[in-house]
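The structure under discussion appears below in the form of structure tokens.
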Amino acid sequence: MKVISELKETNSFVRKLRADGKKVGFVPTMGALHQGHISLIEASKNENDYTICSIYVNPTQFNNKEDFETYPNLFAQDKAKLEEAGCDVIFTPSHESMYPNGVDNLLSFDFGSLTSVLEGKYRPGHFSGVGIVVSKLLNIVMPDVAYFGQKDLQQFMVIRKLVSDLSIMTEVKSCPTLREPDGLAMSSRNLRLNEEERNIAPLLYRVLKEAKTALIEGNDVGNVQKKAFDSIAANALFTPEYIEVVDFNSFSLIKNGKINNSVAICLSAHLGKARLIDNVIVEV
Ligand code: PAF
């Protein structure tokens, strides 16, 4: 497995592969890899000749300085996991090469109504930073296919719009969320939970599953949403931020009535030092 930091070297490496008729899959990450990331590497390996994984903690997508500064850096472990998974290349650019003119006065993205809700509402500027770094990464790596996790569903919708609106020639795919045996969605941020918090964290997925059943049974969205929010808030260790039902295609909020299209139930809650997000899709 090669480790490349230089942008031009990465780009020429991929150009050569593609000139040789090889199909290139790409998994962008911020490191602190878990089995969820490895499942994306596996999906890429199954569908491509070469798999490239980037590890880059992108400063422009953090609206909270402390979150950025304390983001785990576990490169040696990550490298071993990627090696074992059969990844071909790790791309680890420096901040200086990604943002040679610094991060002030950068181009900014406005994804319209897609980002006025959920993560976009609670993390101002976050999706513009994601748009910038993903555009950069796709321009540098030029993969045939890029893989993202369903846990960050709104991020996937944003990236899908980005590649469509900018005619970026990469196919983007969303892969299922991987969960711990007790249902907690795998996330690098789970590392921040202490033992007590880790033990109660699966409540989020239980609440999502109950809400899903209630919607399928035809209950009113507003009532389901309130019950789910209250169930989380009832536990003093949690501070729920939002739990919303959104139309799966438009990502617009649904506030009441029975569902008659496929929806996603999305939530975010603070637990100790971690801010956790999760979602389930309800297909109709
Ligand atoms: O999902 C992530 O890990 C990041 O948001 C991404 C897509 C690698 C961009 O920094």
Side-chain angles (χ1 to χ4, degrees), residues 5 7 10 25-41 43-44 51-64 67-75 77-78 81-82 85 87 89-95 97-99 103 106-109 111 114-115 118-120 122-143 145-163 166 168 170-178 185-192 266 268 274-279:
S5 310
L7 275 55
T10 305
F26 177 46
V27 180
T29 79
M30 299 206 295
L33 303 182
H34 49 69
Q35 202 49 39
H37 295 112
I38 300 304
S39 72
L40 302 180
I41 299 286
S44 170
T51 292
I52 301 186
C53 175
S54 63
I55 297 183
Y56 179 63
V57 183
N58 171 41
T60 64
Q61 70 187 76
F62 287 82
N63 56 317
N64 177 329
D67 191 21
F68 172 60
E69 284 167 356
T70 58
Y71 204 85
N73 176 345
L74 302 171
F75 184 72
Q77 280 182 38
D78 290 346
K81 287 180 186 172
L82 289 171
C87 180
V89 179
I90 310 182
F91 173 47
T92 55
S94 65
H95 292 313
S97 60
M98 288 295 271
Y99 294 102
V103 294
L106 275 178
L107 177 73
S108 73
F109 281 99
F111 294 97
L114 185 53
T115 53
L118 313 180
E119 293 301 284
Y122 288 91
R123 301 183 67 190
H126 167 64
F127 284 122
S128 181
V130 168
I132 287 183
V133 80
V134 172
S135 306
K136 284 174 180 283
L137 291 169
L138 295 182
N139 280 333
I140 297 160
V141 178
M142 298 197 319
V145 192
Y147 298 82
F148 300 87
Q150 187 206 302
K151 187 176 77 64
D152 295 299
L153 183 63
Q154 193 177 15
Q155 167 172 279
F156 182 70
M157 299 293 178
V158 161
I159 292 168
R160 203 174 59 171
K161 180 168 171 61
L162 179 87
V163 298
L166 295 181
I168 296 175
T170 294
E171 182 187 355
V172 290
K173 289 194 174 179
S174 167
C175 300
T177 303
L178 254 72
M186 290 186 185
S187 164
S188 309
R189 289 188 168 87
N190 295 349
L191 294 172
R192 294 183 179 167
C266 304
S268 141
R275 181 178 178 278
L276 304 177
I277 61 171
D278 200 354
N279 66 76

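For ligands, and for the atoms within them, numbers begin at 1 and follow the listed sequence. Heavy-atom basis, side chains included; hydrogens, waters and symmetry copies ignored. Residue indices begin at 1 and follow the sequence shown.
Atom NZ of K81 has more than 12 neighbouring heavy atoms from other residues, nucleotides or ligands inside a 6.0 Å radius.
Of all protein heavy atoms, the one closest to atom 10 (O) of ligand 1 is Q61 OE1, 2.6 Å. Q155 NE2, 3.5 Å is the protein heavy atom nearest to atom 7 (C) of ligand 1. Closest to atom 3 (O) of ligand 1 among all protein heavy atoms lies M30 CG, 3.7 Å.
Neither the backbone nor the side chain of L137 comes within 4.0 Å of ligand 1, counting heavy atoms alone.
Every atom of ligand 1 is numbered from 1 in the order shown, and the set under 4.0 Å from a heavy atom of V133 is 9 (C), 10 (O). Those atoms of ligand 1 that come under 4.0 Å of a heavy atom in P28, given as number and element, are 8 (C).
Here the two rings, on Y56 and H95, have centers that are under 6.0 Å apart.
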Trace of the side-chain hydrogen bond (donor to acceptor under 3.5 Å, both in side chains) decision for T70 with R192: CA-CA 10 Å; T70 58; R192 294 183 179 167; 3.3 Å; yes

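Taking the side chain as every heavy atom from C-beta outward, C53 and I41 approach each other to under 4.5 Å.
Taking the charged nitrogens against the carboxylate oxygens, R189 and D67 do have a contact shorter than 4.0 Å, which makes a salt bridge.
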